[in-house]
Each structure stands twice: as C-alpha cells, then as structure tokens.
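See below for the structure under consideration.
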Protein chains: 2
Amino acid sequence: MPRKTDARSEILDAAERRIRLNGYNGFSFRDIAADIDVKSASIHYHFPTKGDLGAAVIDRYSEIFFRLVEEGGKAGNDWVGRYVARFRHALLKDRMVCLCGILGAEISGLPVAVADAARTFFLKGRLRLAENLVVGGLSPADADARALSLIAALQGGLIVARSLDDPAAFESIVRVALDGLN
Amino acid sequence: MPRKTDARSEILDAAERRIRLNGYNGFSFRDIAADIDVKSASIHYHFPTKGDLGAAVIDRYSEIFFRLVEEGGKAGNDWVGRYVARFRHALLKDRMVCLCGILGAEISGLPVAVADAARTFFLKGRLRLAENLVVGGLSPADADARALSLIAALQGGLIVARSLDDPAAFESIVRVALDGLN
DNA sequence: GTCTATAATTTGATAGAC
DNA sequence: GTCTATCAAATTATAGAC
C-alpha cells in the first residue's frame, strides 16, 4: 500500500528540517527514518548515500526558494522585498536558519556535491539580487556590493537573532540593511 | 616525560580548529587525539564529556577574542575597527569562520552549556560594540541597531565569502557595513 | 518500495595499569 | 597524565526476502 504522501518528499522534508536545526553532521538516516516512520534502508533506496540526500535537499530548497521569490504574493511586490521575506519566514514561521547558511558555515567538511549545491545558492542570490538592484538604478559594481551585503546581513541576522532568541534583532538588522539600499 | 607544550592547550587548539571547519557534530575525540598524537582517553581526562570540551573551547575563544580587541595593536586604534579586524583575521589568516558563527548556526542541536557559551559571545559583542558606538556619538537605540547589523554582516560575511571562496566579497561587505556607521 | 538482517566502522565514555 | 582495553550504542551502507 502506498503512503498517503510521496515518500521521497517526506524524506526531503525531514532531512531539510534536521539539517536546518542540527547541521549536516547532526542528523542520521535513522533520525529521518524515525521522523517519517519508515526504516533507514528505505531512505537508502531513494538516496543511496548521505551526500545524495544532502544535495537533493539543497536543490529542492533552492528551487522552491527562488520560485517563491519570483512568483511574489502578499509578501511584497518587489523582488528584493520578497527575497528578504523568505528569510523572515525562515525565522518567524520555521524558527530555523537558512539551509544554505548553516551548510555554508560547515562547507569545508561537506561532500563536494553538497558544498557545490550550497555555493550555487549563494551565487544565484548574488546574481539575481544584483540584477534587480541594477534595474532599481544602481551601477553594476554598487549593485553587486549591495547584493553581497544584503545576503550577509540576512544569513548572519538569522544566526544571531536565533542564537539570542530575539526575533526583534532580526527585524532591526533588516531595517538597517534595507535603509542602506536607499 | 611532559609534552613540549601544555596538553590542555593543544586539545583546545585542535578542537577549535575542528569545530570551525566542520561544526560541533563534525569532530570526534579520536579526531582531536590523532591531531595532537595522543589517545582519546587522554582527552577525556582533561574534558570528561564532549560538552565540557565544547564549552571550554568557546570560553577560551571568547576570552582571547575580546582581549585582542581590547588591547589593540597595529590592526587599528579604535575598538570597532579592531573588532572587525578579528573577523578579517579569521578569514584571511585562519581561513575559517568565527567559532560562534558556526556554533550559532547549529545552536538548537548543541548541549545547553555549549549553546549558552555561544549566546554569551554574541551578547557581549552586541553590548560592547553598542557602548563604543554611543561614545562615537550614536543614540543608545541606534548604537544597538548598528551593533547588531555589524555582527550580522561580519558573521554572514565570513560564511558567504568562504562559501564562495572569495575574500574580496568579505572586504566589500565590510566596506558597506562600516560606511553605514558614518 | 519497504522490510529484516547484518556488515564494517565510528562514536562518546569508562576501568584500571603504569 | 597517558596508556591499553573495552563497552554499548550509533553510524553509513548493503544484501536479499516480500
């Protein structure tokens, strides 16, 4: 009998949550298996190695992240605003840091495929943010510098605000970062 | 025969390096033991549990970090400038992120004593930075907001720049962050 | 696709000799 | 203080039944 929801998606959900809470080295196949009530051998059927699972988690995370930023919605009608809103959502709704923030911190100890996927997330954010800032009137050089600064503020802001258990700290950091864009 | 250098310090050195590269869950007592050529049982003599070791690593790191910021030196003659310089040193000389940056990212999966020590590092930086910004002429509220923003920019900047293997990205982030203080 | 079973290794930690 | 030896549990991963 098939599961009520796709097993592969459930695995990715559980793995993403575990990584965002404890890091790549902070979860095991058995943790994920217990989370979704299967045996760890079943996880290996879908993702042969832990590196495969890690890379798949990032790929899906990145795809969803940028799709939500692109599509827009009630979170705001500008690309940069929606990019920021995804980080706010991570802290306030998920109560977690960004997947690629924690993986970026651990990057030197990650399997190559996982490290590359995390790098790509940062690179894509840098490029797309800068593009949008150029449209907003900044020079390409200024836009790149501001894009980098915003990414750093948001990633660092999530980590610091969650460490201090102080969501208002994140809002304060965002306010300063966005002020800098005008 | 005693070792040529204090064993306890060598353990802390190796553990700090391992944590800053792979995270708290990314090293084992045997890793540390191999690094300094002793057996893992010897590590347990100095630090009974992994949590004890983790907390001791942070305490020493924080003590040295703020002592170097306080004492000054050729890195600059203002407190804020020297605070920033410690992060630059982490990236360029150590080629690592900040110990408390990576631990902050993992904080929800850490032993309580380790999590508390990491929190204290952020709290102390926030307070001391804000004090110095008030002396520089900012209102207490603005100083706190700017202190938080600088910490986030530096922690996020280290993670992003190292993930992208792009030290210039860190310098760009720092330039924008310090511009915002004037 | 999921299971049982298990291999091979690693983990944090302890007991006790020196 | 450091060692040998060991433990119980956990780890990633595989083989093969259903």
Side-chain angles (χ1 to χ4, degrees), chain A residues 1-19 21-58 60 102-103 106 108-115 117, chain B residues 1-19 21-58 60 102-103 106 108-115 117:
Chain A
M1 187 174 74
R3 325 196 94 236
K4 54 175 186 284
T5 65
D6 182 52
R8 191 188 159 93
S9 295
E10 282 189 279
I11 294 167
L12 290 172
D13 288 343
E16 179 186 317
R17 184 175 160 278
R18 289 270 180 183
I19 296 173
L21 289 176
N22 301 339
Y24 181 81
N25 292 308
F27 82 97
S28 72
F29 273 58
R30 277 176 176 76
D31 290 331
I32 307 297
D35 286 343
I36 66 173
D37 200 37
V38 296
K39 298 299 171 181
S40 67
S42 302
I43 317 286
H44 281 284
Y45 169 80
H46 294 279
F47 305 97
T49 71
K50 194 177 177 179
D52 293 330
L53 174 54
V57 168
I58 304 179
R60 190 191 64 157
I102 189 165
L103 290 173
E106 296 177 297
S108 56
L110 300 179
V112 190
V114 180
Chain B
M1 186 174 73
R3 328 196 92 235
K4 56 175 185 287
T5 65
D6 182 51
R8 190 186 159 94
S9 295
E10 283 190 279
I11 294 167
L12 290 171
D13 288 343
E16 179 186 317
R17 183 175 161 278
R18 289 269 180 183
I19 296 173
L21 289 176
N22 301 339
Y24 181 81
N25 293 308
F27 82 98
S28 72
F29 274 59
R30 279 173 178 77
D31 290 331
I32 307 297
D35 286 343
I36 66 173
D37 201 36
V38 296
K39 298 299 171 181
S40 67
S42 302
I43 316 285
H44 282 283
Y45 170 80
H46 295 280
F47 306 97
T49 71
K50 194 178 177 180
D52 293 330
L53 174 54
V57 168
I58 305 178
R60 190 191 64 157
I102 189 165
L103 290 173
E106 296 177 296
S108 55
L110 300 179
V112 189
V114 179

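Per chain, numbering begins at 1; letters A, B, ... match sequence-line order. Just so it is clear, the structure is predicted and the values come from calculations on it, not from any experiment.
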In whole angstroms, the gap separating C1' of C:dG1 from CD1 of A:Ile11 amounts to 10 Å
Kindly say if A:Ser28 contacts the phosphate of D:dA10, meaning a side-chain N or O under 4.0 Å from OP1 or OP2. no
Students often get this wrong, so: under 4.0 angstrom with heavy atoms, is B:Phe29 touching a base, only sugar-phosphate, or nothing? sugar-phosphate
Hey, what do you get for OG (B:Ser9) to NE2 (B:His46), rounding to the nearest 0.5 Å? 10.0 Å
Output yes when at least one side-chain N/O atom of B:Ser42 is less than 4.0 Å from OP1 or OP2 of D:dG1, else no. no
With sugar-phosphate meaning primed atoms plus P, OP1 and OP2, does B:Phe47 contact a base, only sugar-phosphate, or nothing at under 4.0 Å between heavy atoms? nothing
At 4.0 Å (heavy atoms only), tell me whether B:Lys50 reaches a base, stays on the sugar-phosphate, or touches nothing. sugar-phosphate
Checking the side chain of B:Tyr24 only, and the main-chain atoms of B:Gly51 only, is there a donor and an acceptor separated by less than 3.5 Å? yes
For B:Arg18 and C:dG12, what is the distance between atoms CZ and P respectively, to the nearest whole Å? 12 Å
Considering only side-chain heavy atoms of B:Ala41, which listed nucleotide, D:dC3, D:dA13, C:dC3, is closest? D:dC3
On DNA chain C, nearest-nucleotide positions of B:His44 versus A:Arg30: which is more 5'? A:Arg30
Report the distance from atom NZ of A:Lys39 to atom P of D:dG16, rounded to the nearest whole Å. 21 Å
Beyond-backbone contact of A:His44 with A:Asp52, side-chain heavy atoms, under 4.5 angstrom: no
Measure the distance from CD1 on B:Ile43 to P on D:dC3 and round it to the nearest whole Å. 9 Å
In whole Å, I'd like the distance from the CZ atom of A:Phe27 to the P atom of D:dA10. 17 Å
May I have the distance from B:Ile32 (atom CD1) to C:dA13 (atom P), rounded to whole angstrom? 13 Å
Does some side-chain heavy atom of A:Phe27 sit less than 4.5 Å from a side-chain heavy atom of A:Leu53? yes
Are B:Tyr45 and D:dG1 close enough that a side-chain N or O sits under 4.0 Å from OP1 or OP2? yes
Find the distance A:Asp52:CG to D:dT12:C1' and express it as a whole number of Å. 12 Å
Qualifying residue, where the test is side chain to side chain donor-acceptor pair (under 3.5 Å) with A:Asp35 and the options are A:Arg30, A:Arg18, A:Arg17: A:Arg18
